[in-house]
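What follows is one structure encoded as structure tokens, with my remarks underneath.
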Protein chains: 2
Amino acid sequence: MVREETDGAGAKIGTDHSAMRARNERLVLSLIRRHGALAKSEIARLTGLSAQTVSVIMRGLEAAGLLTRQAPVRGKVGQPTVPMSLAPEGALFLGLKVGRRRTEMVLIDFVGQVRGARVMRHDFPSPDGVIDFARRSVAELTAPLPEDLLKRIQGLGIGLPFQLWDWAASLGLAADAMDDWRHRDIRAELAPEMPWPVLLENDASAACNAELVFGKGSLPKDFVYAFLGFFVGGGLVLSGSMFAGHSGNAGALASTPVPDGQGGSRQLVEVASLSALERALAARGQNGAFLWESAPDWELDEEIVAPWLAEAAKGLAHVAASAGALCDLQAMVIDGWLPDRLRTRLIAAIEVELDHIDLSGMARPRIMAGTAGPQARSLGAASLPLSAKFLVEFASLPDVPDRD
Amino acid sequence: MVREETDGAGAKIGTDHSAMRARNERLVLSLIRRHGALAKSEIARLTGLSAQTVSVIMRGLEAAGLLTRQAPVRGKVGQPTVPMSLAPEGALFLGLKVGRRRTEMVLIDFVGQVRGARVMRHDFPSPDGVIDFARRSVAELTAPLPEDLLKRIQGLGIGLPFQLWDWAASLGLAADAMDDWRHRDIRAELAPEMPWPVLLENDASAACNAELVFGKGSLPKDFVYAFLGFFVGGGLVLSGSMFAGHSGNAGALASTPVPDGQGGSRQLVEVASLSALERALAARGQNGAFLWESAPDWELDEEIVAPWLAEAAKGLAHVAASAGALCDLQAMVIDGWLPDRLRTRLIAAIEVELDHIDLSGMARPRIMAGTAGPQARSLGAASLPLSAKFLVEFASLPDVPDRD
DNA sequence: CGTTAAATCAACATAGTTGAGTTATTCCTT
DNA sequence: AAGGAATAACTCAACTATGTTGATTTAACG
């Protein structure tokens, strides 16, 4: 039931029977995840598969504990339909998010509920410290689980900022303080110790995946996602699935050139990131460390926040326009380690800036708020093994009509 | 043998046996197209399919006339391998390219050789004129074909500039001269008359597809393609296949905002297009009509071409950087209705401009020349039905190792 | 109690896999 | 140089996995 995806050197790219079944199973799970509970007959109509085939597949998924039957729906002529929904305890996932001041591990279930969490604070992350924390947290989070749930853990996802070593200088640390990260591969180090697959992604890409898999709003099929943390990162969702790029670095919004207002260009990270905000605080003699102390509920002086917001919005609007033109995007989704109110203001400001950009020849992308908020990255890390094992690439998914 | 892809409302998204076979057949054809002749045993190794399955599939493709056996290769221990290559006459395709002053139709074979062509010149294209030309050209191009080749025509692809109606003003025509295009759908009008599928794409996206399908150079898996014509357009190739976007408008490079050198931004089309060059000519009192008269072999005054080149390169370098960051691209491919020497200069100039952009945090995209040149668009139009029917999405293709 | 739609059962069809056998070559031994 | 062993490509026949079809059962409404 729901086999691993073969990968690596000897990857099989031809399709055989088991690949066919695997894909059809993922298709069923993906449809139910996106739409909510669906009856076998509805799945048959949506997929074009025969009722018999769908019946076999869904009974299998139910037997595997991944689907549960809901109360039968009566009121229409004919035998009542039995909607099947995702079984929350059908599968569990661990997510490790490495951050600037906080490293977190979460345990989530099949529907994205957080079942447990651990947090470690640090001046700056070190590979050894993170690996140690990961080991302890896995032990602590799995210890209370009964045998049957323990077996349902499907993987560990890691969300890690890329080019961590570039932080050192900006943190006032010795320039080589984080050089360790250059040469360490924590995925490869943790994988042998863990009984499940271990996956790694850029932390912002992971956040994007959380939005895609667990997002509550109705997302378009194509959008660019931006997460404002110490850096700014993102992800690119095309045809409903995340596009990671050949080296896993797609959505590297930090590096995007944006006009600097003086005829040249600079990188987005210089204007639309919390590091930029921290610099603005420092310029006024304030210590920005509080930004990272706890959940982001801070309130800043308007004199500091307004100019930062204006520049960030200008940069992000430029990205929305150029990414929109290139990829025919319908939206840009904004999230970050930000208080809700600030995120709302930022979105409004981007809309205003977009008015000042010539968008002829392309569709204007909507600017939307993310639904996962500050915890998007850890949720996203945990969502990586979920996507890898249980979801089909959405390219082939149809629009699911609402039930009447 | 190689079935049509089902599409439209009742699209079947579940996988059944025939979809499995269809995909494996396309996979075989895609591998041979990319690599050149391959033996059954090599295909078996590359795909991971069993020798028996590959044998059955390839005998079928041979019987269908899509593959031909090459001379057996001896010299190694064991039975000699029989490489199979694409049969040039295995399938034929028609391509209609609508342009500013020229509309063309070509007939190409399975390996991209042009078997026939028709050209119509006009002051500006009209839907009725184009449809009429298409009808006549199809008749003229197919008339000399023997019965068996006639049956091998697989489709008609159309490459059409989007937003044709915006030209009118810049051509000095009545503003509503091309309003017809707003309301006409030449694909829908031609389709019922033709015994094959009729597909339509943006002309620049079609050119991109030609590069992808017939390109002689070794292309990376992810690149952005730019074609400089009257406008500038492009295409986006991700994981080896073209990404068209939800409304078919991906790669709309014309609309990309680039810094205007004065602190604001303007659209790429204003600097990197032949319409910009024509404007520069007009500003010096020269009539730019000659640009379109024949194949692009013109030589321009350095005082006109140098400033245009500089601005175009600056704009394209900005696009290369921002697209590169967003999509983790390995390259930008440049082609256009340009003399070869000018294209070469443009590429060099983009490289220089790229040196002035901060690319930290991303890989520097290579700037490469296209291999199809001025005829890329008509070739590309004809390549559309080829891709649709005979190629698999390359996402799953492995790197084919060279034979030793 | 007839009609309807969901769900299932049993027989069947399709296409991939496995293992044995055939073929055409090179390599090795005499 | 001749003949057999080794090797690798290819094919055949039997088998397996999985999807489809048409008949049947089930549980509701009217």
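Per chain, numbering begins at 1; letters A, B, ... match sequence-line order. Excluded from the calculations below are hydrogen atoms, water molecules and symmetry mates; all remaining heavy atoms, backbone and side chain alike, are included.
Taking CD1 from Ile43(B) and CG from Leu49(B), the interatomic distance works out to 9.5 Å, rounded to the nearest 0.5 Å.
Out of dT17(C), dA9(D), dT18(D), the shortest distance to the side chain of Thr81(B) is found at dA9(D). Checked against dT25(C), dA6(C), dG16(C), the side chain of Arg45(A) finds its nearest nucleotide in dA6(C). Listed nucleotides dC10(D), dT17(C), dT8(C) differ in distance to Ala39(B); the shortest reach to its side chain belongs to dC10(D). If you check dT11(D), dT18(D), dA6(C) against the side chain of His17(B), the one that comes closest is dT18(D). Taking every side-chain heavy atom of Ser18(A) into account, dT18(D) is the closest of dA7(C), dT11(D), dT18(D). Here dT3(C) is the nucleotide among dT3(C), dT20(D), dG16(C) with the atom lying nearest to any side-chain atom of Val77(A). Comparing dA6(C), dT26(C), dT11(D) by their closest approach to the side chain of Ser41(A) singles out dA6(C).
Of all heavy-atom pairs between Leu212(B) and Val237(B), the closest is CD1-CG1, 3.7 Å.
One atom, CE of Met58(B), and another, P of dA9(D), lie 13 Å apart when rounded to the nearest Å.
A donor-acceptor pair shorter than 3.5 Å cannot be found between the side chains of Asn249(A) and Ser247(A).
Nucleic acid contact class of Gly14(A) (heavy atoms, under 4.0 Å, all strands): none. Using a 4.0 Å heavy-atom criterion, one finds that Val82(A) contacts the sugar-phosphate atoms exclusively.
Ion pairing between a basic and an acidic side chain is recognised when a charged N comes within 4.0 Å of a carboxylate O; Arg152(B) and Glu89(B) show no such pairing.
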